[in-house]
Asker: 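Encoded as C-alpha cells, here's the structure I'll be asking about.
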Amino acid sequence: MKLVVVSAGLSVPSSTRLLADRLAAATGRYTSVDVQVVELRDLAVEIAHNFTSGFPGRALSAALDAVTEADGLIVVTPVFSASYSGLFKSFFDVLDQEALTGKPVLIAATGGSARHSLVLEHALRPLFAYLRAVVVPTAVYAASEDWGAEGLAERIDRAAGELGRLMEVLGSGAEAVRRADAADTAVTADAAERADASVAVDTDTAAAIAPRALDGALASADRFTVIPFEQQLAALRP
C-alpha cells in the first residue's frame with residue numbers, strides 16, 4: 001500500500017519532518033507500505049502560482065496526484081498563530097475536494113509550547129472532516145520539550161497502529177469492491193455474448209423456416225379454386 005507523508009516544515013533540519021518520519025516508520029511496523037514524502041516548502045512557489053493561474057506546475061501536480069492516489073496519509077504541520085501554517089492550508093486548498101473522501105489520515109503537529117496542542121482538535125481535525133477523510137482517533141503533537149521525553153514514542157506508536165490497521169481494513173474493502181466490479185463486468189460481457197449468440201441462432205432459424213413457410217402458404221393457396229363473381233351470382237338466381 002502507498003503511504004504519502006505531507007510535511008509543512010520550513011527549516012532544515014525540521015522538527016516537523018522528524019515527527020513525520022517517525023510516524024511513517026512506526027506505521028511500517030504495522031502494515032507493509034511504500035512511503036513517499038511531500039515537502040511543501042519545495043512547492044511554495046508553485047502553490048502560489050496555482051492560486052493566480054488556476055493551473056498547477058509539474059512538481060505540484062505530481063504531489064497532488066500522489067496524495068489523491070495514496071492509500072493513507074500522514075500530515076504534519078508546524079503551529080503558527082495557534083493554527084496550521086498558511087503553506088499547509090494552501091496545499092489542501094488547491095487539492096481537489098473529493099481527493100480525500102474515505103481516505104485514512106493521521107494528523108500531527110509541532111510547536112514550541114504544549115499550549116498549542118489543541119490545534120489538532122480545533123483546526124486539523126475539522127479541516128480533514130470537511131474533506132471527508134477518515135481521521136484516526138489518536139493525533140500526535142510534539143512540543144519542544146517532548147523530544148526525548150517519555151510519552152511521545154508511545155503516542156507515535158499508538159497513532160501509527162491505528163493508521164496501519166485502518167489502511168488494511170479500508171484497503172481490503174476497496175479491493176473487494178474492485179473485484180466485485182470486475183466480476184459484474186465479466187458477467188455483463190458474458191450475458192451480452194450469450195444474447196448476441198441467441199440473436200444469431202434466432203436469425204438463422206428464421207432464415208431456414210421462412211422459405212418453408214412460404215412454400216406451405218403457396219401450396220395451401222393451390223388447394224382453393226377461384227370462382228368468378230358473375231358465376232357465383234348466376235348460381236344464386238332462381
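Computed from heavy atoms alone, side chains included, the values below leave out hydrogens, waters and symmetry copies.
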Asker: With side chains defined as the heavy atoms from C-beta onward, is the minimum distance between Leu43 and Val38 less than 4.5 Å?
Answerer: yes
Asker: Below 4.5 Å, heavy atoms only, C-beta onward: do Leu127 and Ile107 meet side chain to side chain?
Answerer: no
Asker: Work out which heavy atom in Ala159 is nearest to a heavy atom in Val140; give both atom names and the distance.
Answerer: CB-CG2, 3.7 Å
Asker: Run the side-chain hydrogen bond (donor to acceptor under 3.5 Å, both in side chains) test against Arg115 and tell me which residues pass, sequence neighbours left out.
Answerer: Ser113
Asker: Suppose we screen for side chain to side chain contact (heavy atoms under 4.5 Å, CB included). Which residues come up paired with Ala66, at least two apart in sequence or across chains?
Answerer: Lys2, Val4, Gln36
Asker: Looking at every non-hydrogen atom in both residues, tell me the closest pair between Leu23 and Ala160 and how far apart they are.
Answerer: O-CB, 4.0 Å
Asker: Does one hydrophobic cluster hold both Val136 and Val5, with members joined at side-chain heavy-atom distances below 4.5 Å?
Answerer: yes
Asker: Mind jotting down which residue pairs meet the salt bridge (charged side-chain N to carboxylate O under 4.0 Å, His left out) criterion with at least one end in residues 95-107? Sequence neighbours excluded, please.
Answerer: Glu98-Arg132
Asker: Write down the atom of Ile47, the atom of Ser90, and the distance for their closest heavy-atom approach.
Answerer: CG2-CB, 3.7 Å
Asker: Kindly give the heavy-atom pair with the smallest separation between Tyr30 and Glu168, and that separation in Å.
Answerer: O-OE2, 3.6 Å
Asker: About how many Å separate OG of Ser83 and NZ of Lys89, when rounded to the nearest 0.5 Å?
Answerer: 9.0 Å
Asker: Which residue pairs pass the ring-ring contact (aromatic ring centres under 6.0 Å, His included) test when at least one of the two sits in residues 103-139, sequence neighbours left out?
Answerer: Phe92-Phe128
Asker: Apply side-chain hydrogen bond (donor to acceptor under 3.5 Å, both in side chains) to Glu46 and list each qualifying residue two or more places apart in sequence or on a separate chain.
Answerer: none
Asker: Please say yes or no: joined through hydrophobic side-chain contacts below 4.5 Å, possibly via intermediate residues, are Leu166 and Val33 part of one cluster?
Answerer: yes
Asker: Please give me the minimum heavy-atom distance between Ala82 and Val119, naming the atom from each residue.
Answerer: O-CG2, 3.9 Å
Asker: Considering residues at least two apart in sequence or located in another chain, which fulfil the salt bridge (Lys or Arg N to Asp or Glu O under 4.0 Å) criterion with Glu162?
Answerer: none
Asker: When hydrophobic residues are tied together by side-chain contacts of less than 4.5 Å, even through go-betweens, does Phe51 share a cluster with Leu60?
Answerer: yes
Asker: So do the side chains of Leu64 and Pro56 get within less than 4.5 Å of each other, counting heavy atoms only?
Answerer: yes
Asker: Any side-chain heavy atom of Val105 within less than 4.5 Å of one from Val75?
Answerer: yes
Asker: Could you tell me which residues satisfy side chain to side chain contact (heavy atoms under 4.5 Å, CB included) with Ser85, sequence neighbours excluded, listed by chain and number?
Answerer: Ala8, Thr77, Pro78, Phe80, Leu87, Phe88
Asker: So, using side chain to side chain contact (heavy atoms under 4.5 Å, CB included) as the criterion, who are the partners of Asp34 when residues are at least two apart?
Answerer: none
Asker: Linking I/L/V/M/F/W/Y whenever their side-chain heavy atoms sit closer than 4.5 Å, directly or via other members, would Val79 and Val76 fall into one cluster?
Answerer: no
Asker: Please tell me whether Leu10 and Ile74 are part of a single hydrophobic cluster in this structure, the criterion being side-chain heavy atoms less than 4.5 Å apart.
Answerer: no
Asker: Applying the side chain to side chain contact (heavy atoms under 4.5 Å, CB included) criterion to Leu73, which one of Val135, Leu106, Val67 satisfies it?
Answerer: Val67
Asker: Indicate the atoms forming the closest heavy-atom contact of Leu124 with Ala108, along with that distance.
Answerer: CD2-O, 3.7 Å
Asker: Partners of Arg125 by side-chain hydrogen bond (donor to acceptor under 3.5 Å, both in side chains), sequence neighbours excluded?
Answerer: Glu121
Asker: State the OG-CZ distance between Ser11 and Arg17, to the nearest 0.5 angstrom.
Answerer: 12.0 Å
Asker: Can you tell me which residue pairs pass the side chain to side chain donor-acceptor pair (under 3.5 Å) test with a partner in residues 47-71, sequence neighbours excluded?
Answerer: none
Asker: Going by the rule side-chain hydrogen bond (donor to acceptor under 3.5 Å, both in side chains), which residues pair with Thr16 if we only count those two or more places apart in sequence or in a different chain?
Answerer: Thr110
Asker: Supply the atom-to-atom distance Thr31 OG1 to Met167 CE, rounded to the nearest 0.5 angstrom.
Answerer: 6.0 Å
Asker: Which donor-acceptor pairs under 3.5 Å do side chains of residues 144-155 form with protein atoms, sequence neighbours excluded?
Answerer:
unit_1	atom_1	unit_2	atom_2	d
Asp146	OD2	Ala143	N	2.8
Glu154	OE1	Gly151	N	3.1
Arg155	NH2	Tyr141	O	2.9

